[in-house]
Amino acid sequence: MLRKKSQTSGNASVLIVVGSGGHTKEILTLTEKLGAQYSPRQYIVASTDSISLKKILKSEETAVDSKYAIYSVPRSREVKQSWFTTVFTTLYASLYSLRLVAHLQPQIILCNGPGTCVPICYAGLLLKWLGLADTKVVYVESICRVETLSLSAKLLYPFADSLIVQWPSLVEKYPKCKYIGRVL
């Protein structure tokens, strides 16, 4: 049976979902700004994303607090994968993510838009709704999203604890979002 982790050290464990390309740069820039109280840092990277894995390792080389771990998960959808087969790979990724998040029991899931984050976030939310964990989902929309939310943000919009946008015009369309200025 799962049990809620008690927070005795004043630290909050954070699960950081790292996407590919620009998502990697943005989330690692944001992670570097987190204080030492966000520890341990647990990274999630897609199993086929070796470039992001190398960037995480390089980023952690210079970190003062080296309490981190890296986990890989299957992608819900590969580039150019058919929509039909995506149903099966998403189901597999979701079950895999649920098991991993249940094991890690992060207090915060931090993500910024890769499709890989959706099963991870839903797993955290499900555990919270069932009373098995106390996980907060914090989604930071990419700086490049000026007029509309990304698909990942739209899927998480009704459920995320915080959905942060970097353009004030997005709050007009999506009032649940929080605009706090540029964060990256």
Side-chain angles (χ1 to χ4, degrees), residues 12-39 41-46 48-49 51-56 58-60 62-63 68 70-71 73 75-81 83 86 90 93-94 97 101 106-129 134-184:
S13 64
V14 61
L15 183 61
I16 303 157
V17 185
V18 180
S20 55
H23 290 295
T24 301
K25 174 70 173 156
E26 286 185 358
I27 200 72
L28 291 179
T29 299
L30 183 60
T31 302
E32 289 169 4
K33 295 177 182 181
L34 293 177
Q37 69 272 22
Y38 295 98
S39 176
R41 288 175 307 285
Q42 301 162 333
Y43 294 93
I44 297 286
V45 64
T48 57
D49 188 1
I51 294 171
S52 293
L53 176 61
K54 290 176 187 173
K55 289 182 179 184
I56 295 167
K58 184 172 175 78
S59 174
E60 284 294 337
T62 59
Y68 75 96
I70 303 171
Y71 302 91
V73 296
R75 286 188 194 258
S76 296
R77 182 175 184 267
E78 294 286 348
V79 176
K80 297 185 180 181
Q81 181 180 345
W83 288 107
T86 298
T90 299
S94 297
S97 297
V101 173
Q107 288 149 329
I108 301 168
I109 297 175
L110 178 64
C111 56
N112 71 330
T116 304
C117 79
V118 175
I120 296 290
C121 291
Y122 280 149
L125 290 166
L126 179 62
L127 293 172
K128 178 168 61 173
W129 295 332
D134 187 21
T135 302
K136 305 283 187 229
V137 173
V138 178
Y139 186 98
V140 181
E141 184 63 283
S142 176
I143 187 87
C144 69
R145 301 307 299 207
V146 178
E147 296 182 16
T148 63
L149 295 178
S150 63
L151 178 58
S152 296
K154 288 177 182 175
L155 290 170
L156 294 170
Y157 179 78
F159 311 111
D161 294 286
S162 292
L163 204 150
I164 299 167
V165 294
Q166 299 185 61
W167 295 94
S169 58
L170 287 172
V171 176
E172 295 169 16
K173 290 183 181 177
Y174 307 97
K176 186 180 175 203
C177 292
K178 296 176 185 169
Y179 169 70
I180 57 174
R182 186 173 173 184
V183 294
L184 301 174

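Nothing fancy with the numbering, it's 1 onward along the sequence.
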Restricting to non-hydrogen atoms, name the atom on [X] and the atom on [Y] that form the minimum distance, rounded to 0.1 Å.
{"X": "V14", "Y": "L110", "value": "CG2-CB, 4.0 Å"}
{"X": "S20", "Y": "S52", "value": "CA-OG, 3.8 Å"}
{"X": "I143", "Y": "V146", "value": "O-CG2, 4.1 Å"}
{"X": "E32", "Y": "S59", "value": "OE2-OG, 3.5 Å"}
{"X": "T135", "Y": "P106", "value": "OG1-O, 2.8 Å"}
{"X": "K55", "Y": "T24", "value": "CD-CG2, 3.8 Å"}

Atom [atom1] in [X], atom [atom2] in [Y]: separation rounded to 0.5 Å?
{"X": "I109", "Y": "Q42", "atom1": "CD1", "atom2": "CD", "answer": "10.0 Å"}
{"X": "I27", "Y": "C117", "atom1": "CD1", "atom2": "SG", "answer": "9.0 Å"}
{"X": "C177", "Y": "E172", "atom1": "SG", "atom2": "CD", "answer": "12.0 Å"}
{"X": "I16", "Y": "Y43", "atom1": "CD1", "atom2": "OH", "answer": "4.5 Å"}
{"X": "L125", "Y": "I120", "atom1": "CG", "atom2": "CD1", "answer": "11.5 Å"}
{"X": "L53", "Y": "I70", "atom1": "CG", "atom2": "CD1", "answer": "5.0 Å"}

Exercise. Heavy-atom distance under 4.5 Å between the side chains of W167 and E147, does that happen here?
Worked result: no

Exercise. Taking the side chain as C-beta and beyond, is there a heavy-atom pair between S97 and Y122 under 4.5 Å?
Worked result: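 Counting from C-beta outward, S97 and Y122 never come under 4.5 Å.
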
Exercise. If you measure only the distance, is there a donor-acceptor pair under 3.5 Å linking the side chains of R41 and T31?
Worked result: no

For this session: State whether a side-chain donor-acceptor pair under 3.5 Å links T148 with K173.
Result: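 Note: T148 and K173 side chains miss the donor-acceptor criterion.
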
Exercise. Are the side chain of Q107 and the backbone N or O of S13 linked by a donor-acceptor pair below 3.5 Å?
Worked result: yes

Exercise. Is the backbone of H23 close enough, under 3.5 Å, to the side chain of N112 for a donor and an acceptor to pair up by distance?
Worked result: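 Yes, because the side chain of N112 sits within donor-acceptor range (under 3.5 Å) of the backbone of H23.
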
For this session: Apply the test side chain to side chain donor-acceptor pair (under 3.5 Å) to residues S150 and E141: give CA-CA distance (whole Å), side-chain angles for both, the deciding distance (0.1 Å), then the verdict.
Result: CA-CA 8 Å; S150 63; E141 184 63 283; 3.1 Å; yes

Problem set entry | Residues which pass salt bridge (charged side-chain N to carboxylate O under 4.0 Å, His left out) with K128, listed by chain and number, not counting sequence neighbours |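 D161.
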
Problem set entry | K54 atom NZ, over 12 foreign heavy atoms within 6.0 Å |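 Counting other residues, nucleotides and ligands, NZ of K54 stays at 12 neighbours or fewer.
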
Exercise. Would one find more than 12 heavy atoms of other residues, nucleotides or ligands at under 6.0 Å from atom NZ of K176?
Worked result: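 It does: K176 NZ has more than 12 such atoms within range.
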
For this session: Take Y174 and V165 through the test side-chain contact (heavy atoms from CB on, under 4.5 Å) and record every step on the way to the result.
Result: CA-CA 10 Å; Y174 307 97; V165 294; over 6 Å; no

Exercise. Hey, mind stepping through K178 and S162 against side-chain contact (heavy atoms from CB on, under 4.5 Å) and telling me if it holds?
Worked result: CA-CA 7 Å; K178 296 176 185 169; S162 292; 3.2 Å; yes

For this session: Run the numbers on D49 and I51 for side-chain contact (heavy atoms from CB on, under 4.5 Å), then give the verdict.
Result: CA-CA 6 Å; D49 188 1; I51 294 171; 4.0 Å; yes

